[in-house]
Trainee: 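Structure provided below as structure tokens; questions to follow.
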4 protein chains.
Amino acid sequence: MVDNILEAAALVLSEKGYAGMNTNLVAERAGVSVGSVYQYFPHKDSLIAALHERHASHMHQVIDAVLGASNKASLRSQIESMVRALLAAHLVEPKLHQVLEREFPFFDAPQADSETDQGIAKRVRALLGQFKAQIRPRNLDLAAWVILKITESMVHAAVIDPPRGFSVSEVEKAIVEAVMGYLGGIRGPENASPNP
Amino acid sequence: MVDNILEAAALVLSEKGYAGMNTNLVAERAGVSVGSVYQYFPHKDSLIAALHERHASHMHQVIDAVLGASNKASLRSQIESMVRALLAAHLVEPKLHQVLEREFPFFDAPQADSETDQGIAKRVRALLGQFKAQIRPRNLDLAAWVILKITESMVHAAVIDPPRGFSVSEVEKAIVEAVMGYLGGIRGPENASPNP
Amino acid sequence: MVDNILEAAALVLSEKGYAGMNTNLVAERAGVSVGSVYQYFPHKDSLIAALHERHASHMHQVIDAVLGASNKASLRSQIESMVRALLAAHLVEPKLHQVLEREFPFFDAPQADSETDQGIAKRVRALLGQFKAQIRPRNLDLAAWVILKITESMVHAAVIDPPRGFSVSEVEKAIVEAVMGYLGGIRGPENASPNP
Amino acid sequence: MVDNILEAAALVLSEKGYAGMNTNLVAERAGVSVGSVYQYFPHKDSLIAALHERHASHMHQVIDAVLGASNKASLRSQIESMVRALLAAHLVEPKLHQVLEREFPFFDAPQADSETDQGIAKRVRALLGQFKAQIRPRNLDLAAWVILKITESMVHAAVIDPPRGFSVSEVEKAIVEAVMGYLGGIRGPENASPNP
DNA sequence: GATGAATGAGTATTCATTCAT
DNA sequence: AATGAATGAATACTCATTCAT
């Protein structure tokens with residue numbers, strides 16, 4: 001029932017946007033009565049929140065799968081996998097993600113301190129810890145935040161407002177370059193840190 | 001009159017968010033009648049759009065000022081200036097920017113192909129052209145887009161959802177590092193994956 | 001509930017006319033909430049339409065009752081009964097009919113091809129068929145239309161804009177004369193222009 | 001200027017109906033400012049009233065022209081001319097008359113006791129006086145009212161809601177028959193007054 | 001007289017939410 | 001738990017009218 005309602009909400013949201021979404025319509029689409037919607041969701045916004053949470057949780061899974069514990073791949077390779085997986089995940093229901101990210105990227109979305117988001121941050125931090133010796137930033141918490149923001153925002157930008165004339169794979173490459181560039185690594189001073 | 005109304009809209013939006021904003025309230029705050037609001041703004045959303053446009057235009061000015069034609073500073077130094085200026089500009093009316101970016105990052109925002117946005121992109125592209133020899137990306141259009149997205153999204157993130165425990169200047173530095181890292185320097189791609 | 005709302009609408013319409021009628025007032029009068037009005041009537045005008053339809057349907061009943069199948073009376077006598085019954089029916093809620101006919105004689109009224117109107121026309125046509133030999137007009141469809149229009153409009157005129165100085169019974173007689181005169185009798189067309 | 005505005009009002013009314021008509025639009029169509037509209041018409045409804053008056057006055061002229069003093073034609077012939085002229089006059093701007101008659105046949109229209117209407121009634125009464133000896137009704141005032149109502153309403157019906165399948169000339173004939181039938185004339189009792 | 005920017009009372013309509021069944 | 005009719009506060013938007021220029 002919960003899933004049924006949530007699926008209907010996602011459908012309506014994709015088709016009509018937030019402005020065109022209303023609880024009665026969601027109920028109708030789900031084939032249940034409004035009352036039932038309110039049995040499981042205290043108010044309209046909790047539907048949006050649940051959708052966000054579902055999305056975040058999905059992303060969490062995707063990241064976990066890719067950065068799985070026994071992963072022996074290189075840093076770049078793992079970053080590449082993560083970016084590719086995230087892009088792919090967002091391109092599954094593009095309409096829904098467009099609405100979700102375009103109209104309410106933060107609205108009732110899992111806060112940075114939510115368990116899910118913490119989980120994601122923790123996973124990325126672990127990755128950085130694994131390659132601590134090879135990267136330039138010393139503050140791994142800040143670095144994890146930066147990497148997540150870069151990845152998140154560029155993936156969203158690529159889905160919502162794709163740069164004209166560039167393919168998804170070019171964008172993917174660019175995101176990886178940005179992240180890797182930021183992490184800098186063991187390169188010489190003239191490049192990774194050009195100022196004294 | 002238009003400015004007056006827009007100012008009132010910004011005020012109300014800052015205080016109450018989109019949900020708490022209504023045309024009558026905006027009119028009241030502006031000290032004019034609702035009719036006058038509708039004389040200049042066809043509907044409620046056009047207020048939001050105008051606010052976005054105003055913001056974008058403001059950022060355009062800021063960037064133009066910093067990356068002004070006669071600038072002889074180094075690439076890093078110019079990027080630093082730009083990031084610092086943008087962060088500063090966003091911290092002037094933090095509440096307003098929070099609402100604007102949190103609730104409507106794309107909604108009715110100037111499109112990527114708007115004149116203002118084009119102007120900004122052009123300015124950044126020119127900067128990259130100036131230092132073409134020193135940076136790794138060959139496609140300057142894509143690079144400009146990436147840099148703008150990184151900067152934009154990290155500035156927004158810093159304003160909307162600041163990372164706990166880090167100061168603005170630390171964030172500023174991180175943004176610059178990300179951008180500079182992405183631009184990479186004069187070496188070939190083998191330096192992009194320093195780990196085995 | 002529907003009847004309740006409709007009754008309230010009739011009341012408000014009678015008292016204040018269309019200009020003074022508003023859905024909130026109708027709801028209040030009906031002792032229900034506006035929402036309930038909109039549950040059953042998609043918009044304000046559908047209230048008017050329903051009132052018209054109700055009226056037309058009522059007239060249908062009146063005519064059916066009077067021109068009932070087993071009626072053995074003369075043509076004139078049946079016409080007299082019909083006119084008398086229609087006049088009486090209109091004088092029950094004169095205020096309402098005044099508004100309905102004065103402001104909206106055709107507006108959203110049952111169309112000539114509506115089932116109700118068809119029913120009425122059919123009934124009158126049957127009457128003419130019954131006395132076909134005694135009347136002049138050969139095209140009974142046209143004749144039925146003419147008779148209905150004469151009756152309708154004169155009854156309405158008598159209710160809305162009664163001729164000063166004449167009693168209802170005089171008007172009733174005049175209507176009957178007009179109809180009977182039109183039907184003409186058993187003679188040929190030469191009797192239709194009795195003057196040289 | 002007055003005519004200009006009135007013409008614009010007629011145009012707007014024809015195109016958009018009463019609901020779609022507003023003073024600002026009328027002013028715009030007339031190529032003047034709203035203020036000027038209010039210089040000559042105290043309020044919106046006076047525009048409608050003026051249009052009605054204009055129409056009534058026009059009909060007055062038409063009737064006067066046809067029933068002109070020196071007319072020596074037969075009663076039937078004069079009635080025929082009148083009906084034909086009225087039908088023709090209504091078919092000139094059918095859209096406008098539809099709106100005028102459909103939505104506001106009486107609304108702010110010249111009252112039965114207005115000078116214009118009195119003039120028309122007087123003219124018809126004079127006609128009846130001329131043929132007093134040949135017609136059945138003894139009360140000429142009532143007869144004039146009946147004839148006008150029949151003619152008016154059937155002409156309107158023919159314009160607004162024309163009977164399907166009948167040509168204008170058939171309708172014209174039917175109206176004449178109805179009027180002539182009502183006037184009855186010198187026919188025998190078995191027909192003009194079949195009941196004892 | 002002509003203008004048209006400003007006014008603001010007025011209203012149709014929506015939709016999140018409740019609760020008796 | 002499920003239903004869905006009923007609720008009614010809330011609000012975007014209109015447009016007749018005014019009046020300073």
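Remember, predicted model here, so these are calculated numbers, not experimental data.
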Trainee: Taking atom types as modelled, is there a side-chain donor on A/Glu93 or A/Ser14 under 3.5 Å from an acceptor on the other?
Mentor: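 Result is no, nothing qualifies.
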Trainee: Would you give the length of the straight line joining atom CG of C/Leu11 to atom NZ of C/Lys16, rounded to the nearest 0.5 angstrom?
Mentor: 10.5 Å
Trainee: Out of curiosity, C/Arg29 CZ to C/Met21 CE, how far, rounded to the nearest 0.5 Å?
Mentor: 11.5 Å
Trainee: Once you round to the nearest 0.5 Å, how far does CE of A/Met1 lie from CG of A/Leu6?
Mentor: 13.0 Å
Trainee: Atom CE of B/Met1 and atom P of E/dA5: how far apart are they, to the nearest Å?
Mentor: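 Interatomic distance, CE of B/Met1 to P of E/dA5: 11 Å.
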Trainee: Let me know the distance between OH of D/Tyr18 and P of F/dT14, rounded to the nearest Å.
Mentor: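 That distance rounds to 17 Å.
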Trainee: Write down the distance between OH (B/Tyr40) and C1' (F/dA12), rounded to a whole number of angstrom.
Mentor: 20 Å
Trainee: Each nucleotide in nucleotides 13-21 of chain E should get exactly one letter: B, S or -. Can you fill that in based on protein heavy atoms under 4.0 Å?
Mentor: BBSBBB---
Trainee: Let's test your reading of the pairing rules: Watson-Crick or G-U wobble, both distances under 3.5 Å, then write DNA chain F as a dot-bracket string with ( ), [ ], | and dots.
Mentor: .||||||||||||||||||||
Trainee: Give, for atom CD of D/Gln39 and atom OG of D/Ser33, the distance between the pair rounded to the nearest 0.5 Å.
Mentor: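 One finds 9.0 Å between CD of D/Gln39 and OG of D/Ser33.
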Trainee: Assess, by modelled atom type and distance only, whether the side chains of D/Tyr40 and D/Asn4 contain a donor and an acceptor separated by less than 3.5 Å.
Mentor: no
Trainee: Over how many whole Å does the gap from D/Glu28 atom CD to F/dA16 atom P extend?
Mentor: 13 Å
Trainee: Answer with yes or no whether the side chains of D/His55 and D/His60 bring together a donor and an acceptor at under 3.5 Å.
Mentor: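 No, no side-chain donor-acceptor contact under 3.5 Å.
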Trainee: Taking only the side-chain nitrogens and oxygens of B/Ser33, find out if one of them lies under 4.0 Å from OP1 or OP2 of E/dT7.
Mentor: yes
Trainee: C/Phe41 has an atom CZ; how far is it from atom P of E/dA12, in whole Å?
Mentor: 15 Å
Trainee: I need the minimum non-hydrogen distance between C/His43 and C/Tyr38, along with the two atoms involved.
Mentor: CA-CE2, 4.1 Å
Trainee: Restricting to non-hydrogen atoms, name the atom on A/Leu25 and the atom on A/Gly20 that form the minimum distance, rounded to 0.1 Å.
Mentor: CD2-O, 3.8 Å
Trainee: Expressed in angstrom and rounded to an integer, what is the separation of C/Leu25 atom CG from F/dG8 atom C1'?
Mentor: 16 Å
Trainee: Using atom CD1 of D/Ile48 as one end and atom C1' of F/dA16 as the other, report the distance to the nearest whole Å.
Mentor: 13 Å
Trainee: Taking atom P of F/dC15 as reference, at what distance in whole Å does atom CD of B/Gln39 sit?
Mentor: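 Taking CD of B/Gln39 and P of F/dC15, I get 14 Å after rounding.
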